[in-house]
4 protein chains.
Amino acid sequence: MDQKQDKLNQILEAATIVFAESGYAGARMDMIAERAGVNKATIYYNIGNKEKLYEKVLQSIFGNELSNTEEKMRSISSPVEKLELYITSIAEAIDRNPAIPNIVMWEHASGGMSLPEIIAQEIAGMIENLALILDAGEKQGLFKKINPMLVQFMIIPALMFYKTSSPIRDKHHAFPEIARNLPLAVSGKFANEMVRFILEGLKK
Amino acid sequence: MDQKQDKLNQILEAATIVFAESGYAGARMDMIAERAGVNKATIYYNIGNKEKLYEKVLQSIFGNELSNTEEKMRSISSPVEKLELYITSIAEAIDRNPAIPNIVMWEHASGGMSLPEIIAQEIAGMIENLALILDAGEKQGLFKKINPMLVQFMIIPALMFYKTSSPIRDKHHAFPEIARNLPLAVSGKFANEMVRFILEGLKK
Amino acid sequence: MDQKQDKLNQILEAATIVFAESGYAGARMDMIAERAGVNKATIYYNIGNKEKLYEKVLQSIFGNELSNTEEKMRSISSPVEKLELYITSIAEAIDRNPAIPNIVMWEHASGGMSLPEIIAQEIAGMIENLALILDAGEKQGLFKKINPMLVQFMIIPALMFYKTSSPIRDKHHAFPEIARNLPLAVSGKFANEMVRFILEGLKK
Amino acid sequence: MDQKQDKLNQILEAATIVFAESGYAGARMDMIAERAGVNKATIYYNIGNKEKLYEKVLQSIFGNELSNTEEKMRSISSPVEKLELYITSIAEAIDRNPAIPNIVMWEHASGGMSLPEIIAQEIAGMIENLALILDAGEKQGLFKKINPMLVQFMIIPALMFYKTSSPIRDKHHAFPEIARNLPLAVSGKFANEMVRFILEGLKK
DNA sequence: GATGAATGAGATTTCATTCAT
DNA sequence: TATGAATGAAATCTCATTCAT
């Protein structure tokens with residue numbers, strides 16, 4: 001039983017990496033099997049087909065990594081601190097699971113047609129969460145009135161591009177010094193600077 | 001002569017759309033040929049192979065659409081106005097050529113290994129441009145000191161995600177009202193709000 | 001296990017025939033698959049690609065058929081008998097595997113650029129073998145001094161052309177009676193006549 | 001008019017080289033056109049198609065180079081000298097037009113199905129010619145009785161393999177010294193040695 | 001349950017030939 | 001007459017999936 005779960009996890013981990021690297025269309029079942037150290041037919045036996053495997057990958061990523069952000073925020077009341085936590089905890093999730101930004105990019109690039117409803121709900125929850133924070137801040141006279149979607153679009157895409165642009169920035173010598181060799185982790189300096197900048201912009 | 005250029009453009013346009021929709025791995029030469037209204041072999045006759053076609057698409061997009069931003073800015077001296085123009089002209093380029101954000105996402109998702117040096121230089125130029133604007137604003141006592149990469153990451157990814165997330169947001173009913181049915185154009189209300197927010201955050 | 005070897009052999013046999021009939025450029029993977037009674041993809045699964053398949057054919061032909069000539073000669077000491085065996089055993093190998101002369105011709109016609117080193121060694125071994133026989137005969141006062149390459153060039157090409165010219169000679173009515181309807185086997189009358197003629201020419 | 005003939009000759013020469021190098025199936029109309037310095041469509045306009053072009057190449061080679069051997073022999077009466085001339089003039093023809101052995105090999109390898117009747121007659125004529133020489137020699141008590149096909153097979157294939165094996169012998173280091181770096185011309189030392197050896201074998 | 005082998009459908013690419021000027 | 005451009009047919013090769021054990 002445990003062994004079976006192990007094998008399933010191996011497959012899922014391998015699939016996550018390969019899908020993150022190559023996207024759905026570019027991923028090869030061969031690569032996944034090899035990386036997982038199992039026979040290709042084993043994947044079909046255990047999971048079904050490429051599409052189902054991809055869905056499982058999406059679920060494991062979004063279900064496990066991003067969903068617990070909300071919980072952490074319950075204990076905090078200050079909108080400023082909540083916003084800070086919102087940004088840093090997303091940054092940390094991304095650092096913890098570097099497949100997230102890649103998969104999100106693949107999904108966005110492809111129009112997100114394979115995004116399961118359950119994951120859409122996850123993301124929708126994040127938006128609502130942020131909207132509540134901003135609303136509370138406004139009501140407490142801390143923040144000015146702002147379109148939550150603008151803030152959302154300035155936080156999450158920035159964190160993700162920071163990560164996915166890393167190989168591009170490092171590879172090409174054309175990039176200026178400030179763009180090259182940035183820290184790999186987005187949850188450190190970069191996320192903190194972002195927190196400060198956004199709070200500044202929100203300040204009444 | 002002109003007719004040949006026409007056919008090349010047809011191919012390039014069709015390829016741009018298909019690559020934007022499906023990415024490199026997912027794009028089918030068949031689709032591109034059909035969309036361009038030419039025989040598949042005509043593509044091979046004119047371009048060579050899939051890889052070269054993709055490169056040409058990248059070049060046409062980045063070379064034509066994004067590169068002329070810089071010129072527009074020459075006549076303006078105020079850093080505030082320059083920053084405003086920076087954001088709005090990128091937003092307009094994206095609206096004009098909706099393939100841009102998709103292709104950028106595909107490239108980022110895949111690690112950008114097929115990004116030609118020429119295009120890297122284009123992007124590098126944009127970063128340097130923004131850095132100069134921010135530096136000038138700082139020296140004139142208008143802006144506070146800020147990491148230009150942070151600002152860069154809060155502008156361009158936001159504009160692009162705004163566009164690419166559109167089908168995802170509209171498709172899933174889970175998304176809250178504020179996320180659904182946003183205007184298609186990013187260069188209107190959204191870009192203006194962004195300009196205001198960023199200037200606010202930069203203000204000394 | 002055995003069955004896999006069987007299928008490999010089927011593929012190899014079919015490929016040998018098709019390559020012998022049509023050469024590398026003219027051979028069609030379709031034909032080979034059909035002749036072998038397997039799916040085309042099976043060839044790619046087992047072998048890799050056309051080039052590798054061709055190499056394997058070359059190796060099987062030269063490694064299996066021609067290489068054992070040398071062994072047979074060990075037990076014989078007389079240079080005359082050795083030379084006789086040299087000629088007749090090559091003739092027999094050619095009769096046994098009629099693909100040999102065709103493939104040799106294709107290779108010679110194309111400049112032999114795809115001939116693997118291993119096979120070149122095989123052929124080189126045959127030349128050295130003949131040179132030793134002639135040298136021994138000379139030292140024993142039986143043969144006159146002769147350029148071994150001349151003898152080599154008068155034996156092997158003759159045996160091979162005998163076989164490959166058969167369809168040409170039989171097809172065209174222009175050919176004189178002595179050229180038409182020669183026995184199919186080269187290892188019978190023809191090889192014996194050759195043995196006699198060459199020994200005559202070598203006799204001191 | 002002359003210019004047209006020039007262009008036709010260019011095409012024919014280029015085609016001869018390419019067919020000699022790559023065979024019928026391996027030859028590419030593109031290569032031929034490029035080598036001839038004309039547009040591909042020009043070949044089709046002037047000649048028709050690949051098959052007709054190949055036929056013209058065969059005709060030019062066999063009609064021009066090999067056919068005049070016979071004439072040269074008329075003035076000579078001695079069978080010994082005639083045989084010598086037979087061998088050396090074929091060797092010279094081969095040296096003069098190095099495409100001959102390659103094309104002959106391609107034809108033999110493929111079963112010679114595209115060999116036009118006219119060329120078969122040419123070859124048949126050579127066989128009859130040799131048979132007459134041997135017969136005369138026998139009747140004059142100079143040669144022993146011999147199968148003319150045996151002699152034919154020991155002359156022409158040897159001369160041709162000498163040429164076509166050259167790149168193979170030189171490329172592979174496995175070949176013994178005596179096989180490497182033989183003179184390029186077959187009409188010198190090698191043809192003379194052959195003449196001597198064959199006359200020796202024929203001597204009564 | 002697990003896997004090496006096999007494959008059908010379809011992808012990219014090639015090439016002799018034709019078209020339009 | 002000549003040619004740059006275009007193409008239909010067919011070639012090689014790939015890949016998600018299934019089969020047989």
Side-chain angles (χ1 to χ4, degrees), chain A residues 1 3-4 7-8 11 24-33 37-54, chain B residues 1 3-8 11 24-33 36-53, chain C residues 1 3-8 11 24-33 36-53, chain D residues 1 3-4 7-8 11 24-33 37-54:
Chain A
M1 279 300 139
Q3 251 178 327
K4 166 155 191 189
K7 189 157 282 186
L8 275 174
I11 292 172
Y24 182 78
R28 300 286 165 253
M29 296 301 274
D30 272 346
M31 296 191 225
I32 295 171
V38 303
N39 188 279
K40 212 182 354 170
T42 308
I43 300 178
Y44 283 88
Y45 182 78
N46 282 290
I47 294 186
N49 59 18
K50 196 182 181 182
E51 215 176 320
K52 280 185 192 154
L53 178 58
Y54 185 62
Chain B
M1 285 296 141
Q3 251 174 325
K4 164 149 197 194
Q5 205 52 42
D6 269 15
K7 190 150 283 187
L8 268 173
I11 293 171
Y24 181 78
R28 296 287 164 251
M29 297 301 273
D30 272 347
M31 295 190 224
I32 296 171
V38 302
N39 187 283
K40 221 189 329 175
T42 306
I43 300 177
Y44 286 89
Y45 176 74
N46 281 290
I47 315 262
N49 58 21
K50 195 182 179 182
E51 215 176 322
K52 279 185 193 155
L53 177 59
Chain C
M1 286 296 141
Q3 250 175 325
K4 165 150 195 193
Q5 205 52 42
D6 269 14
K7 190 148 285 187
L8 268 174
I11 292 171
Y24 181 79
R28 297 285 165 253
M29 297 300 273
D30 272 347
M31 295 191 225
I32 295 171
V38 301
N39 187 283
K40 218 189 333 172
T42 306
I43 300 177
Y44 287 90
Y45 175 74
N46 281 291
I47 315 262
N49 58 23
K50 196 181 179 183
E51 214 176 320
K52 279 186 192 155
L53 178 58
Chain D
M1 281 300 140
Q3 252 178 326
K4 167 154 190 190
K7 190 156 283 186
L8 275 174
I11 292 171
Y24 181 79
R28 299 286 165 253
M29 297 300 274
D30 271 346
M31 295 190 225
I32 295 171
V38 302
N39 188 278
K40 212 183 351 170
T42 307
I43 300 178
Y44 284 88
Y45 182 78
N46 282 290
I47 294 185
N49 59 19
K50 196 183 180 182
E51 215 177 320
K52 279 186 193 153
L53 177 59
Y54 186 61

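Worth saying up front: this structure is predicted, and the values here are computed from it rather than measured. In what follows, chains carry the letters A, B, and so on, assigned in the order in which the sequence lines appear, proteins first and then strands, with residues in each chain numbered from 1. All values below come from the heavy atoms of this structure, side chains included, with hydrogens, waters and symmetry mates left out.
When all heavy atoms of C/I11 and C/I32 are compared, the pair lying nearest together is O-CG2, 4.2 Å. In terms of heavy atoms, B/L53 sits closest to B/M29 at CD2-CE, 4.2 Å. Between A/K52 and A/I47, the closest heavy-atom pair is CD-O, 3.6 Å.
Within the 4.0 angstrom heavy-atom criterion, no nucleotide atom of any strand lies near B/A33.
In terms of position on DNA chain E, the residue among C/T42 and B/A25 whose nearest nucleotide sits closer to the 5' end is C/T42.
One can place CD1 of A/I47 at 14 Å from P of F/dA16, the figure rounded to the nearest angstrom. Here F/dA5 presents its P atom at 9 Å from CG of B/L8, a figure rounded to the nearest Å. Note: CD1 (B/I32) to C1' (E/dT13) measures 14 Å, nearest angstrom. Spacing between atom NZ of C/K52 and atom P of F/dC13 amounts to 10 Å, rounded to whole angstrom units. Taking atom CG on B/L53 and atom C1' on E/dA11, their separation rounds to 15 Å, with Å as the unit. Rounded to an integer number of Å, the gap from CD1 of C/I11 to C1' of E/dT7 is 12 Å.
Side-chain nitrogen and oxygen atoms of A/N46 include none within less than 4.0 Å of the OP1 or OP2 phosphate oxygen of E/dG1. Note on C/K7: every side-chain N or O is 4.0 Å or more away from OP1 and OP2 of E/dA5. A close approach under 4.0 Å does occur between a side-chain nitrogen or oxygen of C/Y45 and OP1 or OP2 of E/dA5. Contact annotation: B/R28 does not reach the phosphate of E/dG10 (side-chain N/O to OP1 or OP2, under 4.0 Å).
Every stem involving DNA chain F, taken as at least 3 paired positions in a row under the Watson-Crick or G-U wobble test at 3.5 Å, is listed here: E:2-21 with F:2-21.
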For nucleotides 17-20 of chain F, tabulate all protein N/O to nucleotide N/O atom pairs closer than 3.5 Å, reporting atom names and distance.
from, atom 1, to, atom 2, distance (Å)
F/dT17, OP2, A/Y44, OH, 3.1
F/dT17, OP2, A/K50, N, 3.0
F/dT17, O4, A/K40, NZ, 2.8

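The side chain to side chain contact (heavy atoms under 4.5 Å, CB included) check on D/A33 picks up D/K40, D/I43, with sequence neighbours excluded.
Checked by atom type and distance alone, the side chain of B/K50 pairs as donor or acceptor with a backbone atom of B/Y24 at under 3.5 Å.
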